[in-house]
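Please read all numbers here as calculations on a predicted model, not as lab measurements. Hydrogens, waters and symmetry mates are skipped; everything else that's a heavy atom, side chains included, is used.
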Amino acid sequence: MHSCEITLENGKKLKAVFNPQVGMNLMSYSLGSVEVMDQNTMPAFKERMAGMGALIGPHFHHRKDKDIPSLSIDDLFSFIPSLVKKGQKEPFSHGIARYVPWKYEGGKDFINAKLSGKDTYKGYKISELEGQDFELSFKAKLKPNGLFIDYSISAQNPSVIGLHYYYRLDNKLGNVSSQVDSKYHHPQGWRPIPNDWFESSRVLNFELRPDVEADFGFRPVNEAQHSQVQLKTSSHQVKIYYQSNSKENSWQLYHPKDATYVCLEPVSSANPREASEASSNLKIQIEIIE
């Protein structure tokens with residue numbers, strides 16, 4: 001695997017490390033000695049470009065069988081043969097953006113990157129691998145008050161973008177809060193949010209423990225085009241602010257049982273498994289509080 005890490009710094013304490021050669025993954029984000037990306041997920045990154053600070057786009061999770069291009073690409077990535085053995089038809093979970101190199105330019109505190117369906121990887125057009133043409137833009141700037149990301153897509157078909165960042169928990173414990181709508185998206189459909197998940201009216205207070213399993217989507221109140229999500233642990237907090245040009249925005253909470261992390265994922269679709277817009281944008285600020 002190629003290594004081409006770009007370190008952004010602002011002041012003496014705040015630091016962000018990206019790898020544009022491998023899917024623009026956010027390898028590290030720290031404030032002094034406080035690292036918020038879960039380094040325990042490094043094996044998933046090395047194996048299949050997941051974990052750490054992976055991207056979502058142009059699709060979410062697995063495509064429908066009819067949307068997966070019929071290509072002989074078993075030798076394109078080392079993890080594909082094992083997926084084939086398991087009978088998994090989707091080679092690129094959450095979209096091609098996290099698997100291939102991006103074109104970029106950068107400086108001490110910023111990086112601007114692009115990925116196009118017209119780009120090529122090992123003899124294939126990226127559009128062949130994703131099954132459609134598209135243009136992705138990813139801009140990151142590190143400021144004294146946090147990491148600012150501007151992520152956008154213009155695609156041939158309905159698509160979705162998002163950040164699939166794996167935030168570290170202390171002792172597998174934490175708490176997620178946000179002002180949300182009254183329903184959440186379960187893998188089996190929309191459901192009313194249980195009353196015991198609420199701290200007060202419309203304020204979600206989701207407790208993370210080793211026995212808690214979650215793969216849920218939440219929407220801002222009144223279909224707002226912005227939201228704030230906060231993670232609290234015993235050693236630090238992470239505040240995520242985002243806004244979108246799409247009313248279809250939402251954020252995902254993913255936490256397997258016994259996980260050392262929680263994924264808090266701003267996405268540009270209310271139900272990212274059924275994207276409805278071909279173009280969308282997310283502007284995100286991620287703040288670390290000691």
For this session: Report yes if the side chains of Glu265 and Leu163 come closer than 4.5 Å at any heavy-atom pair, otherwise no.
Result: no
Seminar exercise, completed: Which of Tyr242, Phe218, Phe216 passes ring-ring contact (aromatic ring centres under 6.0 Å, His included) with Trp251? Answer is Phe218
For this session: Using the rule that two of Ile, Leu, Val, Met, Phe, Trp, Tyr join whenever any of their side-chain heavy atoms come within less than 4.5 Å, decide whether Tyr166 and Phe45 are in one cluster.
Result: no
Exercise. Taking C-beta and beyond as the side chain, do Asp119 and Tyr121 meet within less than 4.5 Å on heavy atoms?
Worked result: no
Exercise. How far apart are the closest heavy atoms of Val267 and Gly162, and which atoms are they?
Worked result: CG1-CA, 4.0 Å
For this session: Determine yes or no for a side-chain-to-main-chain donor-acceptor pair under 3.5 angstrom, with Ser127 supplying the side chain and Gly117 the backbone.
Result: yes
Exercise. How many angstroms lie between CD in Gln39 and OG1 in Thr260, if you round to the nearest 0.5 Å?
Worked result: 10.5 Å
Exercise. Can you name the nearest heavy-atom pair linking Ala224 to Asn249, along with the distance?
Worked result: O-ND2, 3.1 Å
Exercise. Between Pro194 and Phe198, what is the shortest heavy-atom contact and its length?
Worked result: O-CD1, 3.8 Å
Exercise. Between atom CD1 of Ile56 and atom CD of Gln252, what is the distance when rounded to the nearest 0.5 Å?
Worked result: 7.0 Å
Exercise. Between the main-chain N or O of Ser244 and the side-chain N or O of Gln225, is there a donor-acceptor pair closer than 3.5 Å?
Worked result: yes
Problem set entry | Partner set under side chain to side chain contact (heavy atoms under 4.5 Å, CB included) for Phe148, not counting sequence neighbours | Lys143, Asn145, Gln285
Problem set entry | Ile240 CD1 to Ile284 CD1 distance, which is reported to the nearest 0.5 Å | 8.5 Å
Exercise. So how far is it from Ile193 CD1 to Asp181 CG, rounded to the nearest 0.5 Å?
Worked result: 7.0 Å
Exercise. Going by heavy atoms in the side chains, are Glu35 and Ser28 under 4.5 Å from each other?
Worked result: yes
For this session: Hey, could you give me the CD1/CD distance between Ile96 and Glu128, rounded to the nearest 0.5 Å?
Result: 11.0 Å
For this session: State whether the side chain of Asn271 and the backbone N or O of Arg273 hold a donor-acceptor pair below 3.5 Å, judged by distance alone.
Result: yes
Exercise. Does any non-hydrogen side-chain atom of Ile73 lie less than 4.5 Å from one of Phe92?
Worked result: yes
Exercise. For the residue pair Phe79 and Tyr99, does the interplanar ring angle fall in the parallel (under 30°), tilted (30 to 60°) or perpendicular (over 60°) class?
Worked result: tilted
Exercise. Is it true that Phe206 and Tyr261 fall in one hydrophobic cluster, defined by side-chain heavy atoms closer than 4.5 Å?
Worked result: no
Exercise. Centres of the His62 and Phe60 rings: under 6.0 Å?
Worked result: no
Exercise. Atom OG of Ser152 and atom NZ of Lys139: how far apart are they, to the nearest 0.5 Å?
Worked result: 7.5 Å
For this session: Determine the minimum heavy-atom distance between Leu282 and Ser268, stating which atoms define it.
Result: CD1-N, 4.1 Å
For this session: Please find out if less than 6.0 Å separates the ring center of Phe18 from that of Phe138.
Result: yes
For this session: Looking only at non-hydrogen atoms, find the nearest pair between Val160 and His59 and report the distance.
Result: CG1-C, 3.7 Å
Exercise. Do Val22 and Leu136 belong together in a cluster built from hydrophobic side chains that touch within less than 4.5 Å?
Worked result: yes
Exercise. Short question: side chain of Thr41, backbone of Met52 - any donor-acceptor pair under 3.5 Å?
Worked result: yes
For this session: Among Val176, Thr233, Ile286, find the residue that satisfies the side chain to side chain contact (heavy atoms under 4.5 Å, CB included) test when tested with Tyr167.
Result: Ile286
Problem set entry | Minimum heavy-atom distance between Gln132 and Pro58, given as atom pair plus value | NE2-CB, 4.0 Å
For this session: State plainly whether one hydrophobic cluster holds both Tyr151 and Val17, where clusters connect Ile, Leu, Val, Met, Phe, Trp and Tyr through side-chain heavy atoms under 4.5 angstrom apart.
Result: yes
Problem set entry | Side-chain heavy atoms of Arg63 within contact of Lys89, under 4.5 Å | no
